[in-house]
Amino acid sequence: MLGPAEHSDVAESALLQERNVDTGAVRQPDRAPGDLVMFLLSIVAVVIGVVAAVLSFPASQNKGTPGTFTAREESCDRHGGCWWDGTFVSDDGRTWSDESMKSQELHQNGDKVRAQRVNGEVFRRDSKAWVVFSVPATAALAYVIWFLRARTLFRRRTTRSGA
C-alpha cells in the first residue's frame, strides 16, 4: 500500500507521462463531454436559483400585497407535485388575479388561505420558498467552484512540472 508521499509521486509521474516528448507540451487529460455539460447546467441552476430566491425572499418578510387565495382546481404532475389554480384577491379589493399556488392548507375547490402577492407570484404568508431555491443553487455553486478549482490546480501542476 502506498503512503501519501508515494501517491503524490505517482500522480506527478502520471502528469509527466502526459507530456509530449517532441514538443514538450502538456496535454489536458481527456474530459468527458458530460463534464462541460454539467458545468454549464450548474451555472444555469445558480442563476435561476439566485433570481428565484431574490424574487421570493420578500414573501418571507410579508412584504407582498396581503389578500386571500381561493382554490378553484388542483393540478398534479406525474412526480407527485400538486398546485392549485385559483383567484387571488387583495385585502383592499383592488387586485384580482388568476394565479397558481402550492399550499398544504388547500384540500378542495373553494378552500381559502391567507396569501400575499410578491413580484407577480402568490405565496403563503411567512413563506420560506426562497430556501427551496437557495439550497439547489448553493449546491450548484459548490460544483462550479470545485470544477474551476480542479482545472486551476491541474494547470498549476502542469506548469510547474514543465518548467
Side-chain angles (χ1 to χ4, degrees), residues 4 7-8 11 15 26-160:
H7 277 296
S8 176
L15 285 174
V26 175
R27 101 183 150 87
Q28 287 272 353
D30 294 333
R31 291 213 185 270
D35 289 347
L36 181 59
V37 170
M38 184 67 175
F39 175 72
L40 295 174
L41 287 174
S42 295
I43 289 176
V44 170
V46 169
V47 170
I48 291 171
V50 168
V51 169
V54 167
L55 292 177
S56 64
F57 185 75
S60 70
Q61 300 174 332
N62 297 322
K63 291 187 175 179
T65 303
T68 303
F69 179 84
T70 304
R72 184 176 56 241
E73 181 181 348
E74 184 179 28
S75 301
C76 297
D77 61 23
R78 64 176 182 237
H79 304 292
C82 296
W83 61 94
W84 285 89
D85 292 326
T87 304
F88 174 80
V89 180
S90 64
D91 287 346
D92 63 10
R94 285 194 245 171
T95 304
W96 286 69
S97 59
D98 289 330
E99 302 285 350
S100 293
M101 180 180 181
K102 289 187 104 164
S103 177
Q104 296 175 350
E105 299 169 34
L106 299 170
H107 303 290
Q108 63 185 7
N109 186 9
D111 280 357
K112 296 180 183 222
V113 65
R114 292 291 298 151
Q116 61 182 321
R117 194 159 194 259
V118 178
N119 296 318
E121 299 291 328
V122 175
F123 297 93
R124 290 178 307 128
R125 303 284 292 158
D126 301 315
S127 173
K128 301 296 181 225
W130 67 274
V131 175
V132 173
F133 299 118
S134 300
V135 171
T138 302
L141 180 62
Y143 178 81
V144 168
I145 292 169
W146 173 84
F147 183 88
L148 294 174
R149 181 77 177 137
R151 288 183 59 94
T152 302
L153 288 174
F154 177 80
R155 285 191 180 131
R156 266 194 213 141
R157 281 194 177 147
T158 56
T159 303
R160 252 188 283 160

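When all heavy atoms of D85 and S75 are compared, the closest pair comes out as OD2-OG, 3.8 Å. When all heavy atoms of D98 and R72 are compared, the closest pair comes out as OD1-NH1, 3.5 Å. Minimum heavy-atom separation, V46 to A137: CG2-O, 3.6 Å. The heavy-atom pair separating V122 from A115 by the smallest distance is CG1-CB, 3.7 Å. Across all non-hydrogen atoms, the minimal contact from G64 to V118 is CA-CG2, 3.4 Å. Taking both residues in full, the closest heavy atoms of A45 and A140 are given as CB-CB, 3.8 Å, listed atom of the first, atom of the second, then distance.
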Residues T68, F88; criterion side-chain contact (heavy atoms from CB on, under 4.5 Å); working and verdict
CA-CA 6 Å; T68 303; F88 174 80; over 6 Å; no
Evaluate side-chain contact (heavy atoms from CB on, under 4.5 Å) for W83 paired with E74, printing each intermediate quantity in order.
CA-CA 6 Å; W83 61 94; E74 184 179 28; over 6 Å; no
Between T87 and S97, is the side-chain contact (heavy atoms from CB on, under 4.5 Å) condition met? List the steps.
CA-CA 6 Å; T87 304; S97 59; over 6 Å; no
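If you take CZ on F123 and NZ on K63, they are separated by 14.5 Å, rounding to the nearest 0.5 Å. For the atom pair CG (L141) and CD1 (I43), the distance works out to 10.0 Å, reported to the nearest 0.5 Å. Rounding to the nearest 0.5 angstrom, the gap separating the OH atom in Y143 from the CG atom in L41 is 9.5 Å.
Formation of a donor-acceptor pair under 3.5 Å by the Q116 side chain with backbone atoms of P66 is not found in this model.
Qualifying side-chain contact (heavy atoms from CB on, under 4.5 Å) partners for V113, counting only residues two or more places apart in sequence or in other chains: F69, M101, S103, E105, L106.
Contact annotation: the side chain of T95 never approaches that of V89 to less than 4.5 Å [non-hydrogen atoms, C-beta and beyond].
Using a cutoff of 4.0 Å between basic side-chain nitrogens and carboxylate oxygens, D91 and R114 are scored as salt-bridged.
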